[in-house]
Amino acid sequence: MNLFDTVEEMGHEQVLFCHGKDPHIKAIIAIHDTSLGPAMGATRMLPYVNEEAALKDALRLSRGMTYKAACANIPVGGGKAVIIADPADKTEELFRAYGRFVERLQGRFITGQDVNLTPENVRTISQETNYVVGVEEKSGGPAPITAQGVFLGIKAAVKFHLQSENLEGLKVAVQGLGNVGRNVCQLLHENGAELFVTDISQEKAEEVKRTLGATVVAPDEIYSLNVDVFSPCALGGILNSQTIHRLSASIIAGAANNQLAQEQIHGQMITEKGILYCPDYVINAGGLINVYNEMIGYNEEKALKQLHNIYDTLLEIFARAQKQEITTNEAAKQLAEERIMSARKIKNQIIVSC
Ligand SMILES: NC(=O)C1=CN([C@@H]2O[C@H](COP(=O)(O)OP(=O)(O)OC[C@H]3O[C@@H](n4cnc5c(N)ncnc54)[C@H](O)[C@@H]3O)[C@@H](O)[C@H]2O)C=CC1
Ligand SMILES: O=C(O)C(=O)Cc1c[nH]c2ccccc12
């Protein structure tokens with residue numbers, strides 16, 4: 001990968017390679033765009049197969065955060081960080097060292113808990129920096145709010161694509177029953193939907209079967225079920241050339257980040273199959289909305305209003321995509337870029353007039 005060509009093409013402002021010998025640490029902080037405000041994005045820890053995979057993840061996730069904030073109409077920018085390590089090798093020193101890197105950015109980047117980090121790990125990071133939000137005790141964690149946003153997204157997609165405002169009897173396949181997926185299942189069940197679920201944890205699947213009457217399937221079977229909605233709430237990259245042709249759902253609406261393995265190619269394949277795709281960074285903005293409001297002083301009414309905007313924003317994106325004959329992903333990107341451009345113009349006007 002030619003690094004500067006890639007960041008130029010993707011539009012990143014800054015990429016930081018954080019390295020330390022004692023304690024040993026390798027982390028990448030990617031700051032995509034701060035036109036709308038400081039870059040926000042949670043930190044994940046994974047034993048990436050190689051450094052290029054880690055960099056790609058950080059670059060793509062941070063750009064997704066910029067679009068997420070812009071589509072949610074929140075005045076923050078996009079960033080994301082990855083710590084390259086096996087979660088089995090976590091130490092207090094590692095998290096403290098990472099916290100010092102974040103502190104040195106003096107608020108240009110604000111982070112929190114993502115894949116493989118616990119609230120305790122985030123508390124350790126916050127011993128070295130104030131630029132951490134969303135530690136569980138304060139707000140109950142962002143996952144339940146993210147799930148509410150996904151639920152609203154499913155409702156918007158059902159209204160647009162199936163011309164129905166009622167979820168009664170709707171068949172939904174949920175992949176991943178973690179903090180978000182489990183809550184999505186609960187909301188769907190309460191609204192009369194029929195659930196088909198999978199998780200690599202048999203225990204989690206059994207719990208949802210027992211409490212919500214869901215049908216449990218093996219992880220690989222989730223794609224080919226005869227359902228109305230496929231809701232990916234586990235991993236990224238699951239919409240690819242192997243899986244898309246197996247789908248019979250007419251709507252894709254889930255929480256996972258980076259669902260499309262390759263945005264253009266797979267976004268197009270989905271559209272050609274007549275499937276309505278809810279762009280991941282639009283439908284899963286609830287977590288960001290929650291931590292942002294926590295940061296500025298939580299006001300429930302305001303946070304819920306922003307959350308409910310996910311419904312209208314998705315309807316606007318679906319209509320735009322239909323009208324211009326583009327993918328929903330392209331329509332969402334257009335909307336985000338328009339908002340960022342106008343924020344930049346206003347900033348420049350202020351600078352010029354001073
Ligand atoms: N927690 C939040 O507020 C937000 C989460 N997201 C994204 O949503 C997704 C889910 O997040 P959480 O629920 O917080 O994570 P989590 O780690 O609590 O849950 C993920 C679940 O997926 C399961 N899983 C992993 N591989 C699987 C496979 N191959 N097949 C089936 N199940 C599998 C895991 O066993 C786990 O139960 C992630 O991609 C995350 O990046 C996005 C925005 C906000
Ligand atoms: O939506 C995402 O991918 C996020 O990273 C949202 C998020 C959850 N917890 C946080 C803490 C600080 C900044 C963003 C987040």
Side-chain angles (χ1 to χ4, degrees), residues 29-30 32 37-46 57-58 60-69 71-72 74 76-82 87 102 107 109-119 122 125-126 129 131-136 138-150 153 173-185 196-205 207-208 216-223 230-238 243 254-259 280-295 307 310:
I29 300 175
H32 178 255
M40 289 187 77
T43 299
R44 52 175 60 183
M45 175 184 245
L46 282 170
D57 210 24
R60 202 170 153 198
L61 287 164
S62 55
R63 188 185 55 176
M65 292 304 298
T66 300
Y67 295 154
K68 193 175 299 192
C71 287
I74 291 182
V76 302
K80 202 85 181 180
V82 300
V102 174
F109 174 63
I110 299 162
T111 196
Q113 181 191 347
D114 202 351
V115 178
N116 286 332
L117 254 61
T118 65
V122 180
I125 296 170
S126 68
T129 179
Y131 302 112
V132 163
V133 287
V135 186
E136 226 166 64
K138 282 196 219 159
S139 61
I145 309 286
T146 303
Q148 278 190 46
V150 172
V174 181
Q175 178 184 48
L177 304 168
N179 296 321
V180 180
R182 175 64 179 79
N183 281 297
V184 169
C185 287
F196 297 81
V197 300
T198 194
D199 198 291
I200 48 170
S201 154
Q202 197 58 33
E203 202 183 313
K204 288 186 184 173
E207 191 272 333
V208 177
V216 176
V217 302
D220 189 52
E221 284 171 33
I222 198 78
Y223 302 103
F230 172 54
S231 183
C233 296
L235 317 161
I238 36 78
T243 57
N257 277 314
N258 290 352
Q259 291 172 29
D280 44 14
Y281 50 77
V282 182
I283 194 172
N284 74 13
L288 178 65
I289 290 169
N290 188 55
V291 294
Y292 167 71
N293 280 283
E294 186 185 301
M295 190 175 78
L307 184 73
I310 291 177

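This is a predicted model, so every value here is computed, not measured. We count ligands from 1, going down the list as the structure has it; atoms in each ligand are counted the same way. Index from 1, following the sequence.
Of the options N258, N290, T111, V115, the smallest heavy-atom separation from atom 12 (C) of ligand 2 is shown by T111. The residue from V184, V180, L61 that puts a heavy atom closest to atom 5 (C) of ligand 1 is V180. Counting only non-hydrogen atoms, the option in A285, A234, G236, A255 that gets closest to atom 8 (O) of ligand 1 is A255.
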Requested in this report: Quick one: do K80 and D114 satisfy salt bridge (Lys or Arg N to Asp or Glu O under 4.0 Å)? Show the steps, please.
Outcome: CA-CA 10 Å; K80 202 85 181 180; D114 202 351; 3.0 Å; yes
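What sits closest to atom 14 (C) of ligand 2 on the protein, heavy atoms only, is A42 N, 3.5 Å. The protein atom (non-hydrogen) at minimum distance from atom 25 (C) of ligand 1 is I200 CD1, 3.7 Å. At the shortest separation from atom 13 (C) of ligand 2 among protein heavy atoms lies G41 N, 3.4 Å. Nearest protein heavy-atom contact of atom 5 (O) of ligand 2 is K80 NZ, 2.8 Å. Residue, atom and distance of the protein heavy atom nearest to atom 2 (C) of ligand 1 are T146 OG1, 3.5 Å.
T146 pairs in a side chain to side chain contact (heavy atoms under 4.5 Å, CB included) with only one of the listed residues (N284, N183, L288), which is N284.
Each of the atoms 41 (O) of ligand 1 lies under 4.0 Å from some heavy atom of R44. Taking every non-hydrogen atom of N257 and a distance limit under 4.0 Å, the qualifying atoms of ligand 1 come out as 39 (O), 41 (O), 42 (C).
Ligand 2 has no atom lying under 4.0 Å from any heavy atom of D114.
Using a 4.0 Å cut-off between heavy atoms, I110 contacts ligand 2 through its backbone alone, with no side-chain atom that close. Counting heavy atoms closer than 4.0 Å to ligand 2, residue V291 contributes side-chain atoms (C-beta onward) but none from N, CA, C or O.
Under the 3.5 Å distance criterion, the side-chain polar atoms of S126 are left unmatched by any main-chain donor or acceptor of T129.
For atom 29 (N) of ligand 1, the nearest protein heavy atom lies under 4.0 Å away. Note that atom 13 (O) of ligand 1 has protein non-hydrogen atoms nearby, at separations under 4.0 angstrom.
N258 and D280 form no side-chain donor-acceptor contact under 3.5 Å, judged by distance and modelled atom types alone.
At least one N or O atom of K204 sits closer than 3.5 Å to an N or O atom of ligand 1. Close N/O approach between N284 and ligand 2 is not found [any backbone or side-chain N/O within under 3.5 Å]. Between K68 and ligand 2, at least one pair of N/O atoms sits closer than 3.5 Å.
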